[in-house]
Amino acid sequence: MAACTAAAAHPGGGGSEQPLSRIAVERTTLAVDGAARVEASPTVLGLEGQDSEWVEVEFFHPNPSADDWVGVFSPANFSAAICEPENKREYPPVLCTAPIKYQFAKFKNDGYSKSGKGYLKLQLINQREDFLFALFSGGLLKPKLIAVSDKVAFANPKAPVYPRLAQGKSWNEMTVTWTSGYDIKEAVPFVEWGEKGGRQILSPAGTLTFDRNSMCGAPARTVGWRHPGYIHTSYLKDLWPDSMYTYRLGHRLPNGTRIWSKSYSFKASPYPGQDSLQRVVIFGDMGKAEADGSNEYNDFQPGSLNTTNQIIRDLDNIDMVVHIGDICYANGYLSQWDQFTAQIEPIASTVPYMIGSGNHERDWPGTGSFYGNLDSGGECGVPAQTVFYTPAENRAKFWYATDYGMFRFCIAHTEEDWRPGTEQYKFIEHCLSSVDRQKQPWLIFLAHRVLGYSSNSYYGFEGTFEEPMGREALQELWQKYKVDLAFYGHVHNYERTCPVYQSQCVVNASNHYSGPFLATTHVVVGGAGASLSGFTSSKIQWSHFRDFDHGFTKLTAFNHSSLLFEYKKSRDGNVYDHFTISRDYRDVLACSIDNCPRTSLAS
């Protein structure tokens with residue numbers, strides 16, 4: 001089926017621009033000045049096992065200008081990268097590798113334009129290779145290389161880092177995925193784990209990676225390429241419900257030496273249908289941001305760190321996280337995947353971090369994506385499906401179901417066709433229809449693009465108030481199978497509808513619903529970090545609560561009959577919208593519009 005090329009791929013506002021794309025790396029010229037200097041300290045990082053460390057950078061340029069900037073390159077021999085010319089008549093460019101981050105020389109250096117002296121404090125994470133700091137003039141569009149620092153490196157650059165937990169394919173299985181610099185030929189990966197305070201066992205891990213040829217286009221195949229390292233996944237099975245487990249990542253070298261990560265812990269998932277307190281955080285479009293203020297062009301992802309930090313603060317009261325697409329906005333700059341996994345490590349190492357796929361992970365022309373745009377920067381889904389584990393039958397397709405106690409989550413993939421007759425439509429119906437609502441009363445649908453309802457200004461201009469062909473294809477399924485809530489990202493704001501069907505409020509919006517199911521409540525929660533997008537000025541009957549701010553949502557199932565929904569702002573973690581649902585099993589069985597099964601007159 002032909003890919004959809006509608007411009008509806010971009011209702012999310014201006015947050016889709018990757019800051020590193022502003023640098024015209026291939027135009028770099030050499031203008032090395034012997035009087036200029038760049039000095040970085042310390043030069044050896046992670047001596048106490050840290051995965052991140054702050055580096056102080058001092059620099060001097062005898063002929064400073066306001067658009068001078070400092071780039072951080074990794075590997076440090078960036079100037080030796082193989083640069084291929086565009087055609088036989090051209091010489092290859094001097095530089096064909098983008099920095100992993102950059103900052104303008106005048107940042108917090110008010111007198112730089114006169115003195116030429118500057119100081120920056122930048123945070124580095126362990127990314128398997130050494131680093132070098134380079135001073136440029138000429139701005140971002142015509143870079144001139146002025147001076148470089150000595151190399152900076154972590155004590156063990158290949159160390160196992162940034163574990164990501166995820167639900168396995170069965171309820172009593174937890175997967176742990178991590179990144180290292182060890183190829184399977186260099187060291188054998190494994191996880192040491194067990195019940196807290198109990199006997200620890202070893203479980204093997206599989207290893208994946210990908211190369212430049214796996215990328216579908218630029219910049220992922222060109223200036224944005226950086227080797228992703230080796231991605232290891234181990235399957236921790238036969239877990240006891242709600243039990244606490246400890247684990248650490250390991251690699252066994254050929255001489256028998258074992259390389260260890262620090263120790264982590266997690267709580268195993270409850271049995272499907274188990275009656276206990278269960279709490280799940282849901283959001284989309286968070287992206288990554290830098291604690292040192294670098295890479296921030298046009299407030300690219302100003303809310304990302306706030307969202308991350310609020311979740312970390314409340315982590316003792318969270319059991320699982322679902323990030324529904326537009327994960328880190330690497331957009332073809334592969335170094336950013338490491339930086340994102342480092343940012344979420346306190347969360348993802350402790351609770352399952354489940355992801356969906358969005359346009360910025362998958363879309364690329366001629367690769368089978370439903371939308372033929374350039375949003376993935378040539379990644380065409382490969383980093384997302386490799387760096388993170390999902391319990392999908394085919395990880396490239398990215399749709400899957402996952403159970404957590406009283407919840408059933410059906411996660412769709414909007415970058416592939418979802419309409420009736422497709423493979424994905426069959427999955428969605430099976431996911432919704434196969435749940436036992438007596439045991440798992442809370443049925444949740446999630447997708448990146450807004451397949452339901454949004455009064456985003458772009459959708460309003462189009463007159464659709466949804467992704468075209470979205471709810472027309474799926475609303476009968478939501479109604480038939482009595483989906484409680486449907487969550488979406490893509491649009492960078494927050495919005496909650498009334499319980500709505502066929503664009504009509506079946507019941508007025510409220511802060512409390514009780515009794516039989518009437519219709520699905522739709523929630524846009526794409527404001528977790530990327531630049532915000534506005535609403536239409538039109539008054540929409542089904543739109544109940546709208547917020548032009550960064551935030552995330554939290555579901556709390558107290559038992560089989562009581563569910564709490566909360567929307568929290570990332571700036572302070574306070575609740576700004578909420579509602580509860582009180583419903584017994586007979587209410588789930590009760591008839592509503594378009595979901596009454598046939599009956600017989602026989603007695």
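Hydrogens, waters and symmetry mates play no part in the numbers below; they use all other heavy atoms, side chains included.
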Does Tyr230 offer a backbone N or O that forms a donor-acceptor pair with the side chain of His227 under 3.5 Å?
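Such a contact is absent between His227 side chain and Tyr230 backbone.
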
Looking at residues at least two apart in the chain, or sitting in another chain, which of them share a salt bridge (charged side-chain N to carboxylate O under 4.0 Å, His left out) with [X]?
X: Asp238; result: none
X: Glu379; result: none
X: Asp242; result: none
X: Arg395; result: none

Kindly say whether the aromatic ring centers of Tyr404 and Phe409 come within a distance under 6.0 Å.
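No; Phe409 has its ring centre 6.0 Å or more from that of Tyr404.
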
Is there a ring pair (Phe, Tyr, Trp, His ring centres under 6.0 Å) between His578 and Phe565 once you walk through the steps?
CA-CA 5 Å; His578 73 280; Phe565 169 98; 9.1 Å; no

Can you confirm whether Asn255 is buried at CG, in the sense that more than 12 heavy atoms of other residues, nucleotides or ligands lie under 6.0 Å from that atom?
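Correct, the count exceeds 12.
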
Distance-only side-chain donor-acceptor flag, [X] / [Y], under 3.5 Å:
X: Ser514; Y: Ser582; answer: no
X: Glu173; Y: Thr175; answer: no
X: His522; Y: Tyr488; answer: yes

Tell me which pairs pass ring pair (Phe, Tyr, Trp, His ring centres under 6.0 Å) where either residue lies in residues 151-173, with sequence neighbours left out.
Trp171-Tyr271

Any disulfide (SG to SG under 2.5 Å) involving residues 379-413? Give me the pairs, sequence neighbours left out, ordered by first then second residue.
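Every pair satisfying disulfide (SG to SG under 2.5 Å) with a residue in residues 379-413: Cys216-Cys380, Cys410-Cys431.
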
Is the shortest distance from a Lys or Arg side-chain nitrogen in Arg226 or Glu129 to a carboxylate oxygen in the other one below 4.0 Å?
no

Applying side chain to side chain contact (heavy atoms under 4.5 Å, CB included), name anything that partners Asp549, two or more places apart in sequence or on another chain.
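Only Asp547, Tyr567, Lys569, Arg571 meet the side chain to side chain contact (heavy atoms under 4.5 Å, CB included) criterion with Asp549.
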
Acceptor/donor pairs from residues 383-392 side chains to any protein atom, 3.5 angstrom cut, sequence neighbours excluded:
from, atom 1, to, atom 2, distance (Å)
Thr386, OG1, Val382, O, 2.7

List for me each residue that meets side chain to side chain donor-acceptor pair (under 3.5 Å) alongside Lys568, sequence neighbours excluded, and say none if there are none.
none

For Asn493, side chain to side chain donor-acceptor pair (under 3.5 Å) partners two or more places apart
none

So, using ring pair (Phe, Tyr, Trp, His ring centres under 6.0 Å) as the criterion, who are the partners of Phe131 when residues are at least two apart?
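Testing Phe131 for ring pair (Phe, Tyr, Trp, His ring centres under 6.0 Å), a comparison that skips the adjacent residues, returns none.
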
Please output the side-chain donor-acceptor pairs of residues 259-268 that fall under 3.5 Å, not counting sequence neighbours, one pair per line with the distance.
from, atom 1, to, atom 2, distance (Å)
Ser261, OG, Leu249, N, 2.9
Tyr264, OH, Glu345, OE2, 2.8
Lys267, NZ, Asp319, OD1, 3.4

